[in-house]
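Since the structure comes first, as structure tokens, the remarks are kept for the end.
In what follows, every chain begins at residue 1, and chains take the letters A, B, ... in the order their sequences are listed.
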Amino acid sequence: MDLFLNLAINGIATGMLIFLIACGLTLIFGLMDVLNFAHGGLFAWGAFVGVWAYGITQSFILSMLAAVIAGLLLGLITEYLIIKPVYGNHIQQILITLGFMLVLSELIKVVFGPNILAASKPPYLDGSWEFGDVTVIKYRALIIVVGLLLFLVIMAVLKFTKIGLIVRAGVMNKEMVQALGINIRLVFIGVFMVGSALAALGGALFAPSSGVAYAEMGMEFGIFAFIVVIIGGMGSVPGSLVAALLVGLSNGFMAYYYSDLAMAVTMILMFIVLIFRPEGLFRVSGVSNK
Amino acid sequence: MTNTLLKLEQINTHIEQFHILHNVEFEVSPGEVTVLLGRNGAGKTTTLRTIMGLNNASNGTVTFKGEDITKLPPYHIAKKGIGYVPEDQGIFYGLTVGENMRVGMRKEDDATKERMEWVLELFPDLKKFWKKPGGQLSGGQKQMLSIARSYVNENDLLLIDEPSKGLAPVIVEKVIESIEKMKEKTTVVLVEQNFYMASRLGDRFYILDDGMTVHHGDMSALREDEELKRKYLGIA
Ligand SMILES: Nc1ncnc2c1ncn2[C@@H]1O[C@H](COP(=O)(O)OP(=O)(O)OP(=O)(O)O)[C@@H](O)[C@H]1O
Ligand SMILES: [Mg+2]
């Protein structure tokens, strides 16, 4: 029971990190119809910026803030330089964003050096709580709480604000949104920047938990995030949360019992969903994808 | 005609490699309902989409309130004061009726709220289904929602694409009544195959054929002209 719960908490924490990458990705996919394979790169950048900022300031909050700001800026630059020229062309998007993913990874080595960085957490987030047999690692609990809070905030913004309404409408029918007098390009840029910042925050949260930041982590988590977007349904934030938790949990348990099969199980999960619900668990209904 | 609200001059539009509109000429006077007629595939929808900037004219100019809007993006054109009711209605299926209306509101001031109340008096059904997702409305209700959404803003011009399509006669009557009321507030360009509706509402007409404007004039003249109606509209 002890082991089961610990694996479950671990899996949920991993799922939350994947969710932070996937929720931006799903909105970028759904709203802008853009396949952004560079998104994982923001996760890695967030991790490095977080570790670097923590080293300087010794403040956990400031390190997270630094990662978010870096994510916003990198998102703006990426949208402008990489995405804007290839709107509407999936093949070019795949090629250029995959290429840019490698550029982001290499740039990390240029800026922060070629080695893996050690990441530490502040003393007050170290250690764990004991509940009878169950040990809850404080930092994992923090990841879960932060992930849940961000999910609630994103949902509230989408549901209750005008800008959220426009984003939801844009996922369903971009053309009509424009014909109603809304500059969808500004909305695109905003969503891209916020999505990038969430991925960067995910990376910054992850590094102290694993103890390291390394350039390739962007690719690893980015692939999970893509699978999650497909399982959850393109454009659906609740879908990406549910799918991220599923993937996090299945991966966590498999990694413990049959670690060789961990990735395979995630893939199988995706295939099963694709067979029975090709549009993902949470379908976003729309008129068209114009 | 000195005071023209909308003017299309020598408009040519391509969709991919296809040349769809050929030198379309089109003029709309304020306060009137101008009906755009023509067979299926004549280019009526493409003409409206070109005005909205959803299709780009390869050459020619669209002038609205004396200003060249040919190259402006669709959102900018909409903000100049043009409301658009597309052929497929453009309802956001996953948003409620109320949310569909709200996305369309360019401002949320008192004047807009007043207009909203006026619109809901015109279409009381919408109030009843306020919280229902747009995708669950009937065809007629979707059409009402799409029209109502275009009425909420203070527009100088409405472009309405085949509002009678697939609607029962009773509903068509309701749509006609609503456009008649709207006519007092704004100018309308109406694409319509239903000649009854076109002749009830229209002041002037244009006939498109094969992407060209082949005829135009007063609606009253067209009502009498059996030859023209047979030739281009397949009615007699
Ligand atoms: N996306 C497209 N790709 C290629 N050709 C198109 C496209 N959209 C329209 N066309 C062509 O442009 C021409 C004009 O189409 P349009 O939709 O403007 O006609 P319409 O007068 O509105 O017809 P309807 O009465 O059937 O709505 C048609 O020949 C049509 O086949
Ligand atoms: Mg048409």
Side-chain angles (χ1 to χ4, degrees), chain A residues 26-27 29-33 84 87-89 155-191 232-240 277 279-290, chain B residues 16 45 48-55 72-108 112 132-137 142 145-146 148-155 157-161:
Chain A
T26 203
L27 285 176
F29 225 0
L31 178 71
M32 304 159 70
D33 199 23
K84 193 177 138 200
Y87 273 124
N89 187 330
M155 288 308 288
V157 169
L158 285 175
K159 186 100 194 113
F160 300 115
T161 67
K162 178 87 186 237
I163 181 76
L165 185 63
I166 290 169
V167 170
R168 281 187 294 146
V171 170
M172 295 169 207
N173 187 343
K174 283 178 271 301
E175 197 174 272
M176 195 61 218
V177 167
Q178 297 182 75
L180 288 170
I182 293 152
N183 184 353
I184 197 124
R185 176 137 169 82
L186 285 183
V187 183
F188 278 6
I189 295 173
V191 166
M234 279 174 23
S236 167
V237 173
S240 68
R277 292 185 72 102
E279 301 191 21
L281 296 175
F282 289 62
R283 203 170 64 90
V284 177
S285 58
V287 189
S288 62
N289 221 347
K290 275 182 244 172
Chain B
E16 283 150 29
T45 298
L48 294 195
R49 288 176 58 86
T50 304
I51 298 169
M52 274 319 286
L54 295 168
N55 286 135
L72 296 183
Y75 79 92
H76 206 149
I77 294 174
K79 279 193 188 166
K80 296 268 171 206
I82 304 186
Y84 180 47
V85 181
E87 197 169 11
D88 68 4
Q89 300 152 349
I91 300 301
F92 304 108
Y93 283 11
L95 302 187
T96 64
V97 168
E99 288 173 331
N100 266 281
M101 296 289 281
R102 190 158 172 235
V103 182
M105 285 164 69
R106 289 201 293 270
K107 289 186 215 151
E108 301 201 12
T112 311
K132 208 170 172 179
Q136 289 177 20
L137 300 179
K142 284 194 190 101
L145 174 56
S146 189
R149 187 173 58 187
S150 76
Y151 286 5
V152 172
N153 295 306
E154 208 179 321
N155 286 314
L157 178 66
L158 291 182
L159 310 175
I160 309 180
D161 200 344

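For the atom pair CG of Leu95(B) and CD1 of Ile166(A), the computed distance is 11.0 Å after rounding to the nearest 0.5 Å.
For Glu154(B), the side-chain contact (heavy atoms from CB on, under 4.5 Å) test picks out Arg115(B), with sequence neighbours left out. In terms of the side-chain contact (heavy atoms from CB on, under 4.5 Å) criterion, residue partners of Pro86(B) (sequence neighbours excluded) are, by chain and number, Met176(A), Tyr84(B), Asp88(B), Ser146(B).
Within residues 181-191 of chain A, the residues approaching chain B closer than 4.5 Å by heavy atoms are, in numerical order, Gly181(A), Ile182(A), Asn183(A). For residues 99-107 of chain B, a heavy-atom distance under 4.5 Å to chain A picks out Glu99(B), Arg102(B), Val103(B), Gly104(B), Met105(B), Arg106(B), given by residue number.
Counting all heavy atoms, side chain and backbone alike, Leu180(A) lies closest to Phe92(B) at CD1-CE1, 3.9 Å. Closest non-hydrogen pair, Gly90(B) versus Asn173(A), comes out as CA-ND2, 4.1 Å.
Within 6.0 Å of the NZ atom in Lys159(A), the count of heavy atoms belonging to other residues, nucleotides or ligands does not exceed 12.
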